[in-house]
Number of protein chains: 2
Amino acid sequence: MLHAEIVARVRELLLEGAIPPGTRIAERELCERFGVSRTPLREALKVLAAEGLVVLLPNRGARAAKPTSRSLQDLFEVCEGLEALAGELACRRITDAELRAIAALHAEMVGHYKADDLAQYFRCNRLIHDAIVRAADNAVLSGLYETVAARIRSVRYLAPMPSDHWVIAIKEHEGILNALERRDGQGLALILRSHLRVKRRQVEEAGLAENADEAGDDNVTLLRRRQNRA
Amino acid sequence: MLHAEIVARVRELLLEGAIPPGTRIAERELCERFGVSRTPLREALKVLAAEGLVVLLPNRGARAAKPTSRSLQDLFEVCEGLEALAGELACRRITDAELRAIAALHAEMVGHYKADDLAQYFRCNRLIHDAIVRAADNAVLSGLYETVAARIRSVRYLAPMPSDHWVIAIKEHEGILNALERRDGQGLALILRSHLRVKRRQVEEAGLAENADEAGDDNVTLLRRRQNRA
DNA sequence: CAACCTAATTTTGAATTCAAAATGCCCGCA
DNA sequence: TGCGGGCATTTTGAATTCAAAATTAGGTTG
């Protein structure tokens, strides 16, 4: 099945940053890169547009979606909700084997923290969150989480990790593991939400200043909108 | 833009029940029905497949997705989470105008209840939930909610509404309005979840018995799976 | 009579073609 | 020199074409 393959490969390019947010996607170029005709490529772009990774401009082609500070906030809010839900469900359904696997990942992650290996730390971090979602054993939730988390991750280069935040993150992860072991769904949900809120603030602080100038829906607009609503 | 139009129209057909779940979707037929070639139609089917309304079988065409009891449960769980999140955000962001509009809808809905007009009642009910999600003012959340709620609604014909449940639903809706007015996000989230859980049980009780025989992933399987996980 | 094998037909997946829209280029002109 | 208009080129959106796979039908044989 050619179509699904292409969706996956283009998504890869978008998430890896090989096609940076905001850049024009030339059909021609991707076609010859993949060695396929425009038909399946265009199908793939439509699907990715439905996922929110690509925006289609009528008669003007496709661009890699560039999250505004606003849409990034929206994504974080939803991601919090999804992770909280996953945490609750996981506490009800997680198997001992899954729990052990997460504990192992946690230990490995702490090791990377002590070794100051940020990349490996992030890898474990991600695997843990994925494992929790998987333990929730809900296919719909997994699918939505994957796309939302991917869209957030696509701008992860914005977030530098101050070392004091790193300590906090480790503490929070201990709480996560603890809540899982106690099967405390409510507690886990709370921790996951605040955990994500920390990351969100990091991205906000890192990213807001720099894309305020070019995005149409910038911070000033955002503030005005949300204040007007009150 | 032909493509988006076709996505919308086919989705309509699927949600209206004009193409019942599980039926084969003949490309040819839809093409002549819409008066378009296969290219944009196929693009539309790919998008709808990504949304979960259609399943694509390699070299064997498309079928209208038929939720199994399992996937329906998954959808309900996620919908609960999304509505709860929407409720929390809405309490923070809802404007007085939006609140008044919901109160008006609520009053209208009670009127339909007293007049025993089920169809109109459902209409208002849906509009209220949509309004709450809209008041949450989060585009990503709106999008996800729409698709998840649509997939649930696509099998709504399964759920008969016993009159005692109807009373409960009205009571719950009073609680919803009350929590919104008090801007009690936590409380609203709880009410929305239990509200949805009632509906979920209705659908389960109505639907489970009848599709157990044909679906591959039936109730027995479901129970076994989830029990095995403990 | 039933099971199976083969050939015709239909249907799918993808490439190619074609028309319309947008982009870019060049020239004239103030 | 700077600006605008018109033509050529490129790119997009959709139809058509073509090959491969599946389905169907029919015939053969045990």
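Note on naming: letters A, B, ... go to the chains in the order of the sequence lines (proteins, then strands), and numbering restarts at 1 for each one.
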Sequence neighbours excluded, which residues qualify as side chain to side chain donor-acceptor pair (under 3.5 Å) partners of [X]?
X	value
A:R63	none
A:R197	A:E80
B:H106	none
A:R9	none

Open item on the list: Angle between ring planes, B:H129 versus B:H195, binned at 30° and 60°: parallel, tilted or perpendicular?
Closed with: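 The rings of B:H129 and B:H195 lie parallel, inter-plane angle below 30°.
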
- [ ] Let me have a per-nucleotide readout for nucleotides 11-18 of chain D, 5' to 3', with B, S or -, counting only protein heavy atoms under 4.0 Å.
- [x] SBBSBB--

- [ ] Using five base pairs at each end, measure the axis-to-axis angle across the helix from C:dC1-D:dG30 to C:dA30-D:dT1 and round it to 10 degrees.
- [x]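 Inter-axis angle at the ends, rounded: 10°.
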
TODO: Would you name the heavy atoms of B:V140 and A:S71 that are closest together and state the gap between them?
DONE: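 In this case the closest contact between B:V140 and A:S71 is CG2-O, 4.4 Å.
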
- [ ] Identify whether the distance between the nearest side-chain nitrogen and carboxylate oxygen of B:R123 and B:D117 falls below 4.0 Å.
- [x]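 The answer is no: the pair does not qualify as a salt bridge.
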
